[in-house]
Number of protein chains: 2
Amino acid sequence: MKVLPGGGAAMSGPVLRKLQGFSRLEEADAAALAMCEAGTRLVPAGTDLIREGDRPEGMLAITEGFACRYKLRENGARQIMAYLIPGDVCDLDISVLNRMDHAIGTLTTCRVARIAPEASRDLRSRPALARGLHRAAIVDEAILREWIMNLGRRSAVERLAHLFCELLVRMRAVGLTCGNSYDLPITQLDLADTTGMTSVHVNRSLGELRRAGLIERKGKRLTLCDLARLMEMAEFRPNYLHREMPTAA
Amino acid sequence: MKVLPGGGAAMSGPVLRKLQGFSRLEEADAAALAMCEAGTRLVPAGTDLIREGDRPEGMLAITEGFACRYKLRENGARQIMAYLIPGDVCDLDISVLNRMDHAIGTLTTCRVARIAPEASRDLRSRPALARGLHRAAIVDEAILREWIMNLGRRSAVERLAHLFCELLVRMRAVGLTCGNSYDLPITQLDLADTTGMTSVHVNRSLGELRRAGLIERKGKRLTLCDLARLMEMAEFRPNYLHREMPTAA
DNA sequence: GCATAACTATAACAAATGTTTCAATGTCGG
DNA sequence: CCGACATTGAAACATTTGTTATAGTTATGC
């Protein structure tokens, strides 16, 4: 895990772009963001950034790659509770209270910026930035609720369809889509641990979506061929993301 | 829905008790809490306190009864994302951002205190109170994650067992338990909408827990007869609640 | 205190999802 | 370019959970 030269290039990218979607940021806010990082690491896939029981401080920002929050059962079963995609900042203020009750790990190679506690306080002293971070946190919580809906009341195919729609909106917000397609660099096993199924059933269900002409997957590239039908089948209503509705173009 | 005489008796009870578990409160904090309520209502079961799409402000506190956060599918299927039990305060700051992306409704008759936006700002200007509310909010988010684990990676029986353990800890924190029993005034249908199953399967699974001698239900009263085994089967680790471990007495 | 509705319990059957296994394909370091 | 290893695809069968139906039981309004 090598520490790359800082300078804030990482934070100025997707993180800035994401927060701009939630709050009108000034030049000075962007500059503060760029200054705050305490070093950017390139972390290989399958690495824990934080373990359950750690007592972390400050913040982490993902600027490249996919990471996730997860917990394990004693038998090794894993449940993913959240994806951290480029632009996502995760507050480690759990330390206000106690120790991490879940782990954060990479699903792919990730570029990760660390923000020290002092720097994180500086950021929050800028009202526009604080507002952006606060709103992002509220949306993260709304996503947790929607995932509960997904797990509790949607079928296997619907769960996957819903997840793909959500990721389209989130990836678009950081400029990582092209039309209705984006890179989804994770395995079917990861998808299974996200949607509470087995990888076998994920495979079945993906095949179903593919045969229905709703999605296409070439390597890591996922294309939502018929977004309108996909959204309809998943009853995807993006209001919980507090961004614009994707046009079904 | 009649508005009862205020005076803060409601807020001084379970809400105060809950927050004291998270932060050392002074007399003045308790007084501020008692003063803040803008009226307490007695709300019948099955009533929405807030609907999806509303633009609410201020805070709500439940001082008696069970309420929940929920969403509906178009076919009428309901998923409950959180229980609001006595002492729980729910921040309506979603208004910072936009409209409610879920509804809040009563599961039983509830006593509900409303805290106006100005009063809520007053509360937050008291550091100890602000800390207590913040920690309570962090725990609420941790509960959402644990519920995702529950839905995704536990069997029907385990899900119920885990929920009952969680509620024991939360009810104990507001003094509503007696040994390992407490009032769980909700129906099997509510439990089904919580755990992502059908009421038939909830009934089957409750029977299984009962026959195994793990729980007993007399009317609304739930007793966890063998807490140690119940915790073990559900792999219940209460760290995410950030309170003391219940002794398996 | 009765009539009604809501809730609990249970059965028989259907559908969805999990388990195990194996082959085909892709990826990556030397 | 090869070999090892991870990933995808898929079949056969097992298990869990959902569906529909019906009867008993408890709460509730009048």
Side-chain angles (χ1 to χ4, degrees), chain A residues 44-47 65-66 73 75-79 106-109 150-163 183-212 215-222 233-234, chain B residues 42 44-47 65-66 73 75-79 105-109 150-161 183-212 215-222 233-234:
Chain A
T47 312
F66 271 51
R73 287 197 60 165
N75 64 11
R78 176 178 65 158
Q79 177 65 43
T106 55
L107 294 171
T108 69
T109 302
N150 220 19
L151 286 163
R153 286 292 179 244
R154 284 193 185 93
S155 71
V157 204
E158 292 169 341
R159 287 203 278 255
L160 287 170
H162 194 280
L163 178 64
D183 276 333
L184 186 67
I186 67 182
T187 72
Q188 296 185 358
L189 221 159
D190 296 329
L191 285 174
D193 290 348
T194 305
T195 51
M197 352 197 244
T198 57
S199 62
V200 174
H201 201 53
V202 165
N203 186 277
R204 273 197 280 254
S205 307
L206 284 179
E208 203 175 313
L209 287 173
R210 183 169 7 96
R211 281 188 297 278
I215 66 168
E216 205 168 284
R217 219 178 169 204
K218 284 219 181 79
K220 300 282 134 215
R221 194 78 185 177
L222 175 72
M233 93 167 305
Chain B
L42 205 52
T47 312
F66 271 50
R73 288 198 59 167
N75 64 10
R78 176 177 66 159
Q79 177 65 43
T106 55
L107 294 171
T108 69
T109 302
N150 221 18
L151 287 163
R153 286 292 179 245
R154 284 192 186 94
S155 71
V157 203
E158 292 169 341
R159 286 201 279 251
L160 288 170
D183 277 332
L184 185 66
I186 67 182
T187 73
Q188 295 186 358
L189 221 159
D190 296 329
L191 285 175
D193 291 346
T194 305
T195 52
M197 351 195 244
T198 57
S199 62
V200 173
H201 201 52
V202 166
N203 185 280
R204 273 196 282 252
S205 307
L206 284 179
E208 204 174 311
L209 287 172
R210 182 169 9 94
R211 280 187 298 276
I215 67 168
E216 205 169 283
R217 219 177 169 205
K218 284 219 179 79
K220 300 283 134 214
R221 194 79 184 175
L222 175 73
M233 91 167 307

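Protein chains get the first letters and strands the later ones, always in sequence-line order, with residue 1 at the start of each. Hydrogens, waters and symmetry mates are skipped; everything else that's a heavy atom, side chains included, is used.
Put simply, CZ on A:Arg153 is 13 Å from P on D:dT17, counting in whole angstrom units. When the P atom of D:dA11 is taken as reference, atom NE2 of A:His201 falls 15 Å away, rounded to whole Å. As rounded to whole Å, 7 Å separates atom C1' of D:dG18 from atom CZ of B:Arg204.
Going from atom CZ of A:Arg159 over to atom CG of A:Leu191 covers 12.0 Å, rounded to the nearest 0.5 Å. Within the model, atoms CZ of B:Arg210 and OG of B:Ser205 stand 11.0 Å from one another, a figure rounded to the nearest 0.5 Å. Once rounded to the nearest 0.5 Å, the distance linking OG1 of A:Thr108 with CD1 of A:Ile186 reads 9.0 Å. Separation of atoms CG (A:Leu222) and CD (A:Glu216) is listed at 9.5 Å; rounding is to 0.5 Å. Here the straight-line distance linking atom OG1 of A:Thr194 with atom CG of A:Leu151 works out to 9.0 Å at 0.5 Å rounding. The distance from atom CG of A:Leu163 to atom CG of A:Leu160, rounded to the nearest 0.5 Å, is 7.0 Å.
For the pair A:Val157 and A:Val200, both in contact range of DNA chain C, the more 5′-proximal nearest nucleotide belongs to A:Val157.
Bounding nucleotides for the chain A contact on DNA chain C, 5' to 3', at a heavy-atom distance below 4.0 Å, are C:dT17 to C:dT20.
In this structure, B:Gly196 reaches the sugar-phosphate backbone alone: every heavy-atom distance under 4.0 Å involves primed, P, OP1 or OP2 atoms, never a base.
A donor-acceptor pair shorter than 3.5 Å can be found between the side chains of A:Arg204 and A:His201.
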Quick one: which protein N/O atoms are closer than 3.5 Å to N/O atoms of nucleotides 3-8 of chain D? Pair and distance per line, please.
unit_1	atom_1	unit_2	atom_2	d
D:dT8	OP2	A:Gln188	N	2.8

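In terms of heavy-atom proximity, B:Ala192 sits nearest to B:Thr198 at CB-C, 3.5 Å.
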